[in-house]
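To start, the structure under review is shown below, and the notes come after it.
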Amino acid sequence: MPHSAESLLQLLQRFPKHRNQVQQIHSLIIVKGYLVCETTNGQSSSKWKSTLLYNALIRAHLGFGQTRKSLLLFAQMLSHRAPPNGYTFPDLVKAASSPSSGSPCPGKTFHAQAAKRGVLRDPFVRTSFVSFYAEYGELGNACKMFEEMSEPCVVACNAMIDAFCKNGDMDSALLLFERMPERDVVSWTSVVNGFRINQRFSEAIQFFNKLMSCSVKPNEATYVTLLSSCASLNGWEAVYLGKQVHGYLVRSEIQLNVFIGTALIDFYGKTGSLNAAINVFGQMMVKEICTWNAMISALSSTGQEKEALDLFERLKMEGMQPSEVTFVAVLTACARGRLVEYGLKLFRSMSLDFGVVPTMNHYGCITDLLGRAGFLREATEFVKSMPFEPDASVLGALFGACKIHGTTDLENEVRKELLELQAQHSGLCVVLSNINADMKRWDHAADFRKKIVNAGVQKIPAYSVIA
DNA sequence: GTAGGGTTAG
């Protein structure tokens, strides 16, 4: 029977990646009225019909990144009285964890919904909540979700390992890794990645070597994580290992996919092999915006600012949509190349022409752009005119500029103004004392340390903002 | 149907 609810459901499940088709099917489902739950005839199969269709639609829209639409579909689902089931929540919760889904995040109401519908015992549902809470920095809730599982499977354990890693608790991640009854390549990769995201790059590489010695077969994700660690470490051993991985991938005749390719470009860019990065970029059949961003950064960090900006022009011509990161990369290139006018023009056009709203990072780039070029007063004015309170990165850029341009009266003025502006800001105080210490003005450093105490700043981070 | 991967000044 053409266009029965069953046949449309099958189509959705079979071809969920074809955006236009999904939209057509969606329209057809609406026209046919299949989304309205029928409870009158009492047949259990038709009771769940709209639920299954909604589940498939939520999944399909999540699949091509339309997370907002997934969330909207859930709201519709409730208003149509189609009861969500255990299959509804994993996709829904994933949509809620996605940063593009907008705020406020509805994840917690989903938790309540899942409890109400009696699906919280489902291990798939629980695992997705573990990841959700981990993403939102609520490690306690993630643990609770995990601990209430009677016999967590390897996937649930992997999700919990990742939850620990993402929230900086590598000890617990390793403990769970040791204690779990079986491990797979995802377990290993999650730990490698955990060391990486906690900036423990040497240990990431060590753990990768351990994985190899245990005869675990790495997969693409493992290599991507490893390459990223090698890129950040940048010692000869790390560079050697990264090149070895590349060589292995070439010998295995594995086509460079977007993730691997982007990781390689980043690796070569950060370790100074610009030509290798360009080669990889040229070989890639499919490029995403991240790929272009990595290449732009590679060019700009190796002193080819003009080429970096040319590549940005090419990206636009090829119809790519620049991301937030793209603008950080191009604005940085402008700052390095002292292209003040062009940088300011780009900054103005980013929200106007590309719909990318500047974040604190972008303000930091412009502060850097002005400051490096010696426009310290303009940079200060710019910081004051920002729509949000400057954070340590913006102030770091400003002080970086002061460092380049020497100890002028203006610098002292800037310092004073900013100190008054953000006396409570522990990040700033650290920046200030670092800068002073750096300039061998230990008396001032001590002075600022005292101010930190007087200002009642509780926490002084154990890292320095200026490297 | 649940887990892990790439790009971001100073």
Side-chain angles (χ1 to χ4, degrees), chain A residues 13 55-56 58-59 85-91 93-94 122-132 134 149 152-163 165-166 184-194 196-197 218-229 231 257-267 269-270 287-298 300-301 323-336 343 359 361-369 371-372 392-401 403-404 431 434-435 464-467:
Chain A
Q13 288 169 339
N55 287 352
I58 289 172
R59 162 169 292 263
N85 62 13
Y87 286 71
T88 315
F89 287 96
D91 291 310
V93 172
K94 199 166 196 172
D122 183 327
F124 286 72
V125 174
R126 290 204 89 90
T127 303
S128 59
F129 277 113
V130 169
S131 297
F132 165 77
M149 285 190 253
C153 67
V154 62
V155 176
C157 292
N158 291 345
M160 195 60 230
I161 288 180
D162 184 52
C165 293
K166 284 210 170 93
D184 62 9
V185 62
V186 177
S187 325
W188 285 90
T189 305
S190 300
V191 175
V192 176
N193 187 45
R196 181 185 73 85
I197 57 186
N219 63 17
E220 281 174 355
T222 322
Y223 289 126
V224 169
T225 302
L226 179 74
L227 283 168
S228 175
S229 307
N257 75 5
V258 190
F259 274 91
I260 293 260
T262 305
L264 279 170
I265 292 168
D266 177 53
F267 166 73
K270 288 205 175 112
K287 300 183 182 82
E288 283 177 15
I289 189 63
C290 292
T291 319
W292 292 84
N293 295 346
M295 194 62 234
I296 291 173
S297 301
S300 121
S301 67
S323 69
E324 278 182 21
V325 177
T326 316
F327 284 102
V328 172
V330 286
L331 291 175
T332 303
C334 292
R336 286 185 173 148
T359 65
N361 281 341
H362 301 106
Y363 282 88
C365 292
I366 294 295
T367 309
D368 185 38
L369 174 84
R372 257 190 220 238
S393 75
V394 171
L395 298 168
L398 197 53
F399 280 96
K403 223 169 99 176
I404 298 170
V431 170
N434 280 338
I435 281 188
S464 77
V465 178
I466 293 193

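Worth knowing before you read on, the calculation uses all heavy atoms, side chains too, and leaves out hydrogens, waters and symmetry mates. In what follows, every chain begins at residue 1, and chains take the letters A, B, ... in the order their sequences are listed.
Residue A/Lys94 places at least one side-chain N or O closer than 4.0 Å to OP1 or OP2 of B/dA3. Residue A/Ser301 has no polar side-chain atom (N or O) positioned under 4.0 Å from OP1 or OP2 of B/dA9. Phosphate proximity of B/dT8 to A/Lys270: present, with a side-chain N or O under 4.0 Å from OP1 or OP2. Residue A/Lys287 places no side-chain N or O under 4.0 Å from the OP1 or OP2 atom of B/dT7.
If you check every strand for non-hydrogen atoms under 4.0 Å, A/Val191 touches nothing. Nucleic acid contact for A/Asp122: base, since at least one base atom lies under 4.0 Å from a heavy atom of the residue. Residue contacts for A/Thr332: at a heavy-atom cut-off of 4.0 Å it reaches the sugar-phosphate backbone alone, with no base atom in range. Residue A/Ser187 is classed as having no contact, given no heavy-atom separation below 4.0 Å to the nucleic acid. As judged by a 4.0 angstrom heavy-atom cut-off over every strand, A/Gly86 is placed among the base-contacting residues. Across all strands shown, A/Ser190 has heavy atoms under 4.0 Å from sugar-phosphate atoms exclusively, and none from any base. The residue A/Glu288 sits close to a base: some heavy atom pair falls under 4.0 Å. Within the 4.0 angstrom heavy-atom criterion, no nucleotide atom of any strand lies near A/Asp91.
One finds a salt bridge joining A/Lys270 and A/Asp266 here, because a Lys/Arg side-chain nitrogen approaches an Asp/Glu carboxylate oxygen to under 4.0 Å.
Residue A/Ala294 places its side chain closer to B/dT7 than to any other of B/dG1, B/dT7, B/dG5. Of the listed nucleotides (B/dG1, B/dT8, B/dG5), B/dT8 has the atom at the smallest distance from the side chain of A/Val328. Which of B/dT2, B/dT7, B/dG5 sits closest to the side chain of A/Arg59 comes down to B/dT2. With B/dA3, B/dG4, B/dG5 as the candidates, the nucleotide lying closest to the side chain of A/Val155 is B/dA3. Distance from the side chain of A/Asn193 is smallest to B/dG5 among B/dG5, B/dA3, B/dT7. The A/Val325 side chain lies nearest to B/dT7 when the options are B/dG4, B/dT7, B/dA9. Picking from B/dG5, B/dG4, B/dA3 the nucleotide with the shortest atom distance to the side chain of A/Thr225 gives B/dG5.
Within the model, atoms CG of A/Asn361 and CD1 of A/Ile366 stand 12.0 Å from one another, a figure rounded to the nearest 0.5 Å. The CG atom of A/Leu227 sits 5.0 Å away from atom CG of A/Leu264, with the distance rounded to the nearest 0.5 Å.
Look at CD1 on A/Ile296: it is 13 Å from P on B/dA9, rounded to the nearest Å. Protein atom CZ of A/Arg126 is 17 Å distant from nucleotide atom C1' of B/dG1, rounded to whole Å. One atom, CE of A/Met149, and another, P of B/dA3, lie 12 Å apart when rounded to the nearest Å. Atom CG in A/Asp266 sits roughly 13 Å away from atom C1' in B/dG5 (whole-Å rounding). Separating the CZ atom of A/Phe327 from the C1' atom of B/dA9 is a distance of 16 Å, rounded to the nearest angstrom. Rounded to an integer number of Å, the gap from CD of A/Glu220 to P of B/dG5 is 14 Å. Note: CZ (A/Phe124) to P (B/dG1) measures 9 Å, nearest angstrom. In this structure, the CD1 atom of A/Ile58 is 16 Å from the P atom of B/dG1, given to the nearest Å.
You'll find a donor-acceptor pair under 3.5 Å spanning the side chain of A/Thr127 and the base of B/dT2, going by distance alone. Between the base of B/dA9 and the side chain of A/Asn361 there is a donor-acceptor pair shorter than 3.5 Å. On a pure distance criterion of 3.5 Å, a polar donor-acceptor pair joins the side chain of A/Asn219 and the base of B/dG4. In this model, a side-chain donor or acceptor of A/Asn158 finds a partner on the base of B/dA3 within 3.5 Å.
Residue A/Thr189 is tested with A/Thr225, A/Asp162, A/Asn158, A/Thr222 for a side-chain hydrogen bond (donor to acceptor under 3.5 Å, both in side chains); the sole match is A/Thr222.
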Using a 3.5 Å cut-off and no angle test, enumerate the donor-acceptor pairs between side-chain atoms of residues 327-335 of chain A and protein atoms at least two apart in sequence or in another chain.
from	atom 1	to	atom 2	distance (Å)
A/Thr332	OG1	A/Val328	O	2.5

(request) Go through the steps to decide whether A/Ser187 and A/Ser190 satisfy the test side-chain hydrogen bond (donor to acceptor under 3.5 Å, both in side chains), and finish with yes or no. (result) CA-CA 5 Å; A/Ser187 325; A/Ser190 300; over 6 Å; no
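For A/Trp292, the ring pair (Phe, Tyr, Trp, His ring centres under 6.0 Å) partners are A/Phe281, not counting sequence neighbours.
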